[in-house]
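Take a look at the structure set out below.
Every chain is numbered from 1 and lettered A, B, ... according to where its sequence line falls, protein lines coming before strand lines.
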Amino acid sequence: MAHFSNAAGEGFDGSGISGGDLLRHWNLEKNALAVKVNGELKDLNVILEEDALVEPVTAESPEGLEMLRHSASHLLAQAVLTLFPGTKYAIGPAIKDGFYYDFEVAGQIAEEDLPKIEKEMARLAKEKTPLSREVLPRAQALDLFKEQGQIYKTELIEALEDEHISCYRQGDFIDLCRGPHVPHTGFLRAVKLLSLAGAYWRGDENNIMLTRIYGTAFPDKDSLKAYLERLAEAKRRAHQKLGKELDLFSLHPEGPGFPFFHPKGMVIINRLVDFWRQEHIRRGYCEIKTPLILNKDLWLQSGHWDHYRENMYFTEIDEREYAIKPMNCPGGILVYNSRLRSYKEFPLRMAELGTVHRHERSGVLHGLMRVRCFTQDDAHLYITPEQIKDEILGVMDLAKYIYSEVFSFKYSVELSTRPEKAMGDPAMWDMAEKALQEALEESRTPYRINEGDGAFYGPKIDFHLEDCLGRTWQCGTIQLDFQMPEKFDMTYVGRDGQQHRPVMLHRTVYGSLERFFGILIEHYAGAFPYWLAPVQVKILPVSEDHLDYAREVEKNLRCRGCRTEIDVRDEKLGKKIRDAQMEKIPYMFVLGDRENEERTVAVRERTAGDLGSKTLEEMLELLAQEFSPFSL
RNA sequence: GCCAGCGUAGCUCAGUUGGUAGAGCAGCGCACUCGUAAUGCGCAGGUCAACGGUUCGAGUCCGUUCGCUGGCUCCA
């Protein structure tokens with residue numbers, strides 16, 4: 001950090017060096033792309049106020065990296081305009097891990113053009129053209145872009161209220177931009193274009209679809225290379241790929257979006273369910289099950305017919321219309337309403353592993369993460385208004401326990417507020433939003449507000465987990481609902497003997513078993529912890545002679561609930577070990593003459609390797625020490 | 001749904017400017033009876049996603065449909 005002054009003295013004026021030049025010099029020595037002046041990010045050629053506090057911003061800092069990528073997007077636009085004259089350019093920001101730029105390309109652009117564009121960018125970078133800021137009067141800026149037929153830029157300027165428009169110029173390329181930017185294009189020497197995609201202008205599907213080019217930029221070639229390797233590694237652990245390799249699940253054209261679970265996948269799903277049941281019993285939930293198909297009247301009453309019809313599947317029974325449930329709540333409400341309820345039952349926590357079907361648009365399907373048939377670990381809590389906060393806190397505690405303690409996930413939390421197509425009284429919405437917010441504040445949970453993203457019947461708290469490429473997926477959710485109790489005329493008898501309206505809380509923790517499973521596969525890269533592993537111990541007889549002893553050991557393990565298999569193939573030991581390793585099985589027991597005589601097993605662990613010889617009793621003790629969320 | 005790319009044996013992939021389909025792994029059989037990450041030999045396996053068109057001739061070119069992947073929009 002340094003103090004600079006433009007004031008007279010120190011020979012600035014006398015020596016003919018301006019404060020700006022001095023600053024530039026000082027910062028280039030420090031390898032800075034920009035500076036923070038009194039905490040604010042500025043270009044290197046900023047004109048300093050008297051006694052400004054100045055810090056260099058290097059390419060390695062988060063701000064520097066973002067700037068680098070933003071500047072790279074300008075370079076991309078310049079290259080595309082050079083190679084595809086007549087192209088209209090829209091917007092090009094830096095994003096997490098990179099940048100993009102949207103174009104209406106003159107002619108055709110294909111993925112195979114990317115190397116050509118990269119080459120042009122490299123050429124332009126070599127020229128070290130300065131990126132300079134130009135502030136134009138509004139009318140002049142408008143004329144400038146209008147002349148070139150840049151309709152997207154003029155539309156953007158028209159939306160701005162400023163008198164003066166900030167632009168950045170590099171050579172003959174000029175872009176509407178707030179900045180700041182790197183001093184010259186020479187800083188953009190580690191840039192890679194990644195993919196081509198369609199994107200609607202201003203994110204509205206009624207608008208024209210532009211061509212988006214994604215890329216990334218790093219301070220140097222080594223860190224770019226490291227990033228690309230990370231991407232490749234992430235692709236190797238994609239759940240679709242591992243699901244096939246480890247024989248966990250499959251998807252078929254016969255049922256797009258309807259996953260099939262194989263025996264090994266079912267072991268994991270069932271473990272998740274067993275654990276879920278245990279934890280819910282402990283936390284005072286009961287469990288119900290409701291039908292998959294219910295008649296149309298129910299969905300009319302719930303509001304799904306009006307708000308959710310386009311995502312529902314329908315069928316006909318005895319010439320009457322039925323719907324396949326897209327959500328579990330209406331069924332759950334029928335259980336609630338099946339008899340008179342008392343406040344003494346409250347908080348009434350009814351869980352349901354409910355399988356739902358939703359007609360998702362074909363383009364959004366994604367492995368197990370976005371499917372058309374999935375099982376929610378749903379629950380509906382029927383409570384009094386006074387119980388709202390405690391119950392929300394209770395669910396948040398459960399989510400934290402499962403995400404953080406059991407699975408060591410990092411997760412983010414969002415509060416989604418009233419959407420446009422909301423049902424019901426705005427005052428109720430305000431109250432519900434406030435209750436959720438209070439619970440978040442009280443539990444000191446960091447969260448982001450997602451304006452207008454709530455469910456049609458109520459606001460919600462969402463829990464998001466990351467997949468291996470850093471994409472986030474909503475898993476758990478807590479939704480506060482005052483609408484359904486009205487619609488279904490739900491009541492309970494209070495202490496005063498009068499009928500009251502309950503409040504309803506919808507919630508999930510896994511979200512959907514399918515999605516959570518997909519994320520788990522990637523989280524563990526297929527090497528599931530002992531308590532989830534489809535096969536926990538693989539028994540490897542050295543030769544056929546040791547099969548009898550192998551069966552004896554297998555029986556012993558099975559009796560104690562251990563999931564075990566013998567590799568009975570007529571193969572060499574090395575091959576059996578390799579295959580067990582590829583299957584990511586936690587333990588291998590090697591059995592040969594020695595073990596047979598000593599009544600021991602030679603233990604190999606998938607990451608630690610050889611653990612030496614152990615008696616079966618010693619081994620069972622070791623296995624018992626493996627982490628398990630079960631406490632039976 | 002929209003944009004782009006892809007679809008060849010169970011899996012991973014090769015297949016010249018259009019001339020009639022190939023490897024490795026997996027599977028099956030035989031031999032070997034094996035000590036810590038791949039034993040050898042053999043056999044079998046394909047309406048080249050589907051349908052239509054161009055052509056004497058299509059895995060290859062064109063069109064349509066389906067599916068998958070990456071995005072966009074959407075996502076209770």
Side-chain angles (χ1 to χ4, degrees), chain A residues 100 102 105 108-114 194-214 235 238 240-241 244-245 247 250-257 302-304 307-308 310-312 325-329 356 358-367 369-372 376 378 416 419 421 453-460 462 469 471 473-474 477 479 481 484 506-508 511-512 515 540-547 569-582 588-595 602-604 606 609-612:
Chain A
Y100 68 78
D102 285 348
V105 183
Q108 271 270 290
I109 197 163
E111 216 139 311
E112 59 211 39
D113 293 321
L114 295 185
L194 296 171
S195 64
L196 210 60
Y200 300 107
W201 167 236
R202 305 206 128 182
D204 185 336
E205 67 175 321
N206 298 311
N207 288 341
I208 185 172
M209 182 163 268
L210 303 170
T211 303
R212 175 171 296 179
I213 299 177
Y214 282 95
K235 275 184 187 146
Q240 296 98 320
K241 190 174 154 60
K244 191 178 273 178
E245 285 170 7
D247 198 15
S250 56
L251 288 155
H252 302 268
E254 287 82 352
S302 68
H304 286 81
H307 293 90
Y308 202 65
E310 63 280 11
N311 276 301
M312 291 168 68
K325 68 174 173 184
M327 287 182 54
N328 303 302
C329 28
V356 297
R358 297 181 185 176
H359 181 250
E360 303 289 354
R361 297 213 266 179
S362 59
V364 308
L365 300 178
H366 182 96
M369 305 295 202
R370 188 89 179 261
V371 290
R372 285 176 170 157
Q376 294 182 300
D378 216 342
S416 296
K421 55 175 185 177
D453 218 26
F456 72 79
Y457 49 73
K460 57 179 189 170
D462 291 333
L469 285 173
R471 292 173 292 213
W473 297 91
Q474 182 197 314
T477 179
Q479 300 169 3
D481 178 6
M484 294 296 155
H506 310 241
R507 50 110 281 184
T508 62
S512 96
R515 177 176 290 181
L540 311 180
V542 172
S543 81
E544 272 176 8
D545 297 341
H546 312 106
L547 267 179
R569 295 174 308 167
D570 181 15
E571 292 286 354
K572 288 190 154 180
L573 182 61
K575 169 74 167 165
K576 293 181 186 181
I577 287 173
R578 177 182 159 82
D579 288 347
Q581 197 74 44
M582 303 288 267
M588 292 166 235
F589 289 1
V590 175
L591 308 182
D593 286 337
R594 199 159 57 234
E595 287 72 23
V603 180
R604 232 188 110 97
R606 68 183 155 192
D610 199 350
L611 297 186

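Comparing B/rG27, B/rA4, B/rG35 against the side chain of A/Asp593 picks out B/rG35 as the nearest. Among B/rU36, B/rC11, B/rU33, the nucleotide with an atom closest to any side-chain atom of A/Glu544 is B/rU33. Side-chain atoms of A/Ala110 lie closest to B/rG5 of the nucleotides B/rG5, B/rU12, B/rC34.
Distance A/Leu573 CG to B/rA37 P: 8 Å, rounded to the nearest Å. The distance between atom CG of A/Leu591 and atom C1' of B/rG35, rounded to the nearest whole Å, is 11 Å. For A/Ile577 and B/rA38, the CD1 to P distance is 9 Å, given to the nearest whole Å. What separates CZ of A/Arg569 from C1' of B/rG27 is a distance of 12 Å, to the nearest Å. Per the geometry, NZ belonging to A/Lys576 stands 14 Å off P belonging to B/rU33, to the nearest Å. For the pair A/Gln474 CD and B/rC75 P, the computed distance is 11 Å after rounding to whole Å. One interatomic measurement links the two molecules: CG of A/Asp545 to P of B/rU33, which rounds to 10 Å at whole-angstrom precision. One interatomic measurement links the two molecules: CD of A/Glu111 to C1' of B/rA4, which rounds to 6 Å at whole-angstrom precision.
Spacing between B/rC25 and B/rU39 at atom C1', rounded to whole Å, works out to 15 Å. A gap of 24 Å separates the C1' atoms of B/rG70 and B/rU64, to the nearest Å. A gap of 26 Å separates the P atoms of B/rA44 and B/rG15, to the nearest Å. Going from the C1' atom of B/rG29 to that of B/rC66 covers 39 Å, rounded to whole Å. Spacing between B/rU33 and B/rG67 at atom C1', rounded to whole Å, works out to 47 Å. Nucleotides B/rA23 and B/rG45, compared at atom C1', are 14 Å apart to the nearest Å. For B/rA26 and B/rU73, the P atoms lie 45 Å apart once the distance is rounded to whole Å. Between B/rA4 and B/rU47, the two P atoms lie 31 Å apart (nearest whole Å).
Residue contacts for A/His506: at a heavy-atom cut-off of 4.0 Å it reaches no nucleic acid atom on any strand shown. Using a 4.0 Å heavy-atom criterion, one finds that A/Lys460 contacts the sugar-phosphate atoms exclusively. Within 4.0 Å of A/Gln581, counting heavy atoms only, lies at least one base atom of the nucleic acid. Contacts of A/Glu595 with the nucleic acid, taken as non-hydrogen atoms under 4.0 Å apart, include base atoms. Nucleic acid contact class of A/Asn206 (heavy atoms, under 4.0 Å, all strands): none. Counting non-hydrogen atoms under 4.0 angstrom, A/Ala580 reaches nothing in the nucleic acid.
The only option from A/Arg370, A/Met327, A/Lys325, A/Arg372 that meets the side-chain contact (heavy atoms from CB on, under 4.5 Å) definition with A/Arg358 turns out to be A/Met327.
Nearest-nucleotide assignment on RNA chain B puts the 5′-proximal partner with A/Leu210, out of A/Glu571 and A/Leu210.
Summarising the base pairing, B/rU47 is matched to no nucleotide, lacking a Watson-Crick or G-U wobble pair whose two defining distances lie under 3.5 Å. Pairing for B/rC61 goes to B/rG53, judged as Watson-Crick or G-U wobble with the two contacts each under 3.5 Å. The partner of B/rC34 is absent, by the rule that a Watson-Crick or G-U pair needs both atom distances under 3.5 Å. Searching all strands for a Watson-Crick or G-U wobble partner of B/rG5 with both distances below 3.5 Å returns B/rC68. Pair check for B/rG24 finds B/rC11; Watson-Crick or G-U wobble, both atom distances under 3.5 Å.
Residues A/Pro256 and A/Leu365 have side chains in contact (heavy-atom distance under 4.5 Å, counting atoms from C-beta outward). Residues A/Val603 and A/Met588 have side chains not in contact (no heavy-atom distance under 4.5 Å, counting atoms from C-beta outward). Using a 4.5 Å heavy-atom threshold, the side chains of A/Arg604 and A/Leu611 count as separate. Side-chain atoms of A/Leu573 and A/Leu540, non-hydrogen and from C-beta on, do get closer than 4.5 Å to each other. Side-chain contact between A/Leu196 and A/Leu114: present, with at least one pair of heavy atoms (C-beta onward) separated by less than 4.5 Å.
Using the six-membered ring where Trp is involved, A/Tyr457 and A/His506 have ring planes that are parallel, under 30° apart on the 30 and 60° scheme.
Around CD of A/Glu112, the count of heavy atoms belonging to other residues, nucleotides or ligands within 6.0 Å does not exceed 12.
OP1 or OP2 of B/rA26 sits under 4.0 Å from a side-chain N or O of A/Lys575.
Using a cut-off of 4.0 Å between Lys/Arg side-chain N and Asp/Glu carboxylate O, A/Asp204 and A/Arg202 are scored as not salt-bridged.
In this structure a side-chain-to-backbone donor-acceptor pair under 3.5 Å is present from A/Lys576 to A/Pro541.
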Nucleotides 66-74 of chain B: protein proximity per nucleotide (B base, S sugar-phosphate only, - neither; heavy atom, under 4.0 Å): -SSSBBBBB

